[in-house]
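All heavy atoms count here, side chains included; hydrogens, waters and symmetry mates do not. The structure presented is a predicted model; accordingly, all values stated were derived computationally and were not measured.
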Amino acid sequence: MSSSRRSFLRPLLPFALLTAGAAYALASWNWCGRWEERTPEVLSQVRGEGPLRAGAAKVALSPPYPVVVAGYVPPRPEASQAELPLHARALVLEAGGARVGVVSLELLLVTPEITAKVRERAAKAGVKEVLVVATHTHSSFGGYDARWAAQLSGTGRYRAASVNAAVEGASEALEKAAASMKDVTLEVGGAADAGLVHSRSGGDAPDGQLTRAVLRGAEGPVAEVLVFAGHATLIPRQRGLLDPDFPGRLSALREEAGGGVTLFVQGSEGNATVSFNEGQGPERALGFARKLSALADGAAPASVTGPVRLAFARVQTALPRPDSSRL
């Protein structure tokens with residue numbers, strides 16, 4: 001480097017160091033401030049005990065094409081069609097006058113806005129308490145989360161039409177489920193295969209536990225609920241087709257076999273990643289769905305005898321304040 005260039009750069013060095021130091025200080029500042037600590041507050045609750053009744057329904061979601069494929073940071077592909085239809089599946093339970101709904105959406109996540117609108121519609125159908133969950137598929141449509149961090153990190157630009165598509169599908173499924181109530185018995189079982197999942201970032205290894213609950217009517221299963229923890233990321237991230245990944249395929253397999261409407265619910269997912277590498281894309285997702293279906297068949301659910309207790313509560317609590325200075 002020539003002496004003239006060194007002479008030019010030398011005065012800039014303190015400025016560069018000062019800029020780097022200021023940037024580090026800004027990033028290290030705890031921007032979260034002080035969080036209010038408060039006692040958990042019960043927002044609502046229902047409870048009942050008696051004979052169990054249930055109704056279930058499945059409704060196709062209608063994404064407002066073209067839509068972004070949610071689940072990953074940019075760049076994201078845009079989809080104008082789906083590999084397989086996406087669905088909302090709902091189950092309504094009733095015992096001793098208490099009625100509770102569960103709806104599973106084949107989406108990456110659900111938002112407070114979606115949940116509030118679904119609960120409002122469900123209340124008009126006589127279902128005053130609803131649990132809204134997502135299968136956490138990373139290849140469904142986005143655009144339904146207004147929070148800027150979510151838009152940037154996974155769901156894409158906010159669109160009211162995407163919110164409406166999720167709410168309409170969930171609400172219609174709940175309304176149809178509430179209109180098809182019948183007497184049922186409850187069967188619960190479980191099985192585990194630790195080889196189906198692994199931890200992607202250390203810590204305790206996931207156990208591969210699958211819990212199976214069957215609501216059985218006089219003519220056969222009305223519904224089945226499968227709880228399993230595993231990220232639905234078997235579909236390639238840059239594929240320009242919407243896809244329900246393994247949860248949607250698992251539900252379809254169980255329904256085709258006569259298991260009633262099958263709701264897939266993610267368990268304590270955390271860092272649980274699927275350990276299955278046979279095939280690619282849709283073939284891989286179907287292969288893993290078959291593995292889980294076989295595991296469910298081995299769960300051997302046992303009948304729950306006597307009156308059933310049904311209870312549901314919504315509680316609001318303050319979480320510990322995050323320490324953003326770790327940036």
What are the two closest heavy atoms between [X] and [Y], and how far apart are they?
X    : Y    : answer
T135 : S104 : CG2-OG, 3.5 Å
A122 : L174 : CB-CD1, 4.1 Å
A272 : A229 : CB-O, 3.7 Å
Q238 : P77  : OE1-CD, 3.7 Å
K176 : A57  : CB-CB, 3.6 Å
D243 : T137 : O-OG1, 3.2 Å

Note, [X] side chain near [Y] side chain (heavy atom, < 4.5 Å):
X    : Y    : value
R147 : T111 : yes
I235 : P282 : yes
R157 : V68  : no
L215 : L93  : yes
L186 : V184 : no
K128 : R99  : no
V102 : V225 : no
V304 : V188 : yes

Out of curiosity, does [Y] fall in the hydrophobic cluster containing [X] (side-chain heavy atoms, cut-off under 4.5 Å, transitive links)?
X    : Y    : result
V59  : L91  : no
L84  : L263 : no
L52  : V127 : no
V265 : V130 : no
L86  : V69  : yes

Going by salt bridge (Lys or Arg N to Asp or Glu O under 4.0 Å), name the residues that satisfy it together with R53, two or more places apart in sequence or in a different chain.
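Partners of R53 by the salt bridge (Lys or Arg N to Asp or Glu O under 4.0 Å) criterion, ordered by chain and then number, come out as E94, D183.
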
Atom pair CZ/CZ of R284 and R249 - distance to nearest 0.5 Å:
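Rounded to the nearest 0.5 Å, the CZ-CZ separation comes to 12.0 Å.
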
Separation between OG (S44) and CZ (R119), nearest 0.5 Å, reads 7.0 Å

Could you walk me through whether R254 and D297 pass salt bridge (Lys or Arg N to Asp or Glu O under 4.0 Å), step by step?
CA-CA 10 Å; R254 306 296 295 177; D297 286 337; 2.7 Å; yes

Pairs flagged by ring pair (Phe, Tyr, Trp, His ring centres under 6.0 Å) wherever residues 144-175 is involved - sequence neighbours left out
none

Strictly by ring pair (Phe, Tyr, Trp, His ring centres under 6.0 Å), give each pair with a member in residues 68-97 just once, sequence neighbours left out.
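Only Y72-H138 qualify under ring pair (Phe, Tyr, Trp, His ring centres under 6.0 Å).
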
Checking the side chain of [X] only, and the main-chain atoms of [Y] only, is there a donor and an acceptor separated by less than 3.5 Å?
X    : Y    : answer
S180 : A177 : yes
R159 : P64  : yes
S140 : E106 : yes
Q81  : L241 : no
E49  : A95  : no
S293 : A289 : no
R212 : G189 : no
T262 : G260 : yes
E224 : E255 : no
T115 : V132 : no

Could you work out the complete set of other residues in the hydrophobic cluster of L295, with links drawn between I, L, V, M, F, W and Y side chains under 4.5 Å apart?
L196, V197, L210, L226, F228, L234, F246, L250, F264, V274, F276, F288, L292

Exceeds 12 heavy-atom contacts within 6.0 angstrom, atom CZ of R314:
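Enclosed.
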
What do you reckon, is CD of Q280 surrounded by more than 12 foreign heavy atoms closer than 6.0 Å?
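12 or below, so no.
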
Using the side chain to side chain donor-acceptor pair (under 3.5 Å) rule, collect all pairs that involve residues 303-312, keeping only residues at least two apart or in two chains.
none

For N271 and S201, does a side-chain donor sit closer than 3.5 Å to a side-chain acceptor?
yes

Flag the pair E175 and K124 as a salt bridge only when some basic side-chain nitrogen lies within less than 4.0 angstrom of an acidic carboxylate oxygen.
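Answer for the salt bridge query: no.
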
Carboxylate-amine/guanidinium contact R239 E83, below 4.0 Å:
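Yes, R239 and E83 are salt-bridged.
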
If the condition is side-chain contact (heavy atoms from CB on, under 4.5 Å), which residues does V46 pass it with, not counting sequence neighbours?
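With neighbours one apart ignored, the set is A98, V100, E129, F312.
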
Show, in sequence, the C-alpha distance, side-chain angles and deciding distance for D245 and H231, and conclude whether the side chain to side chain contact (heavy atoms under 4.5 Å, CB included) test is met.
CA-CA 10 Å; D245 210 297; H231 276 81; over 6 Å; no

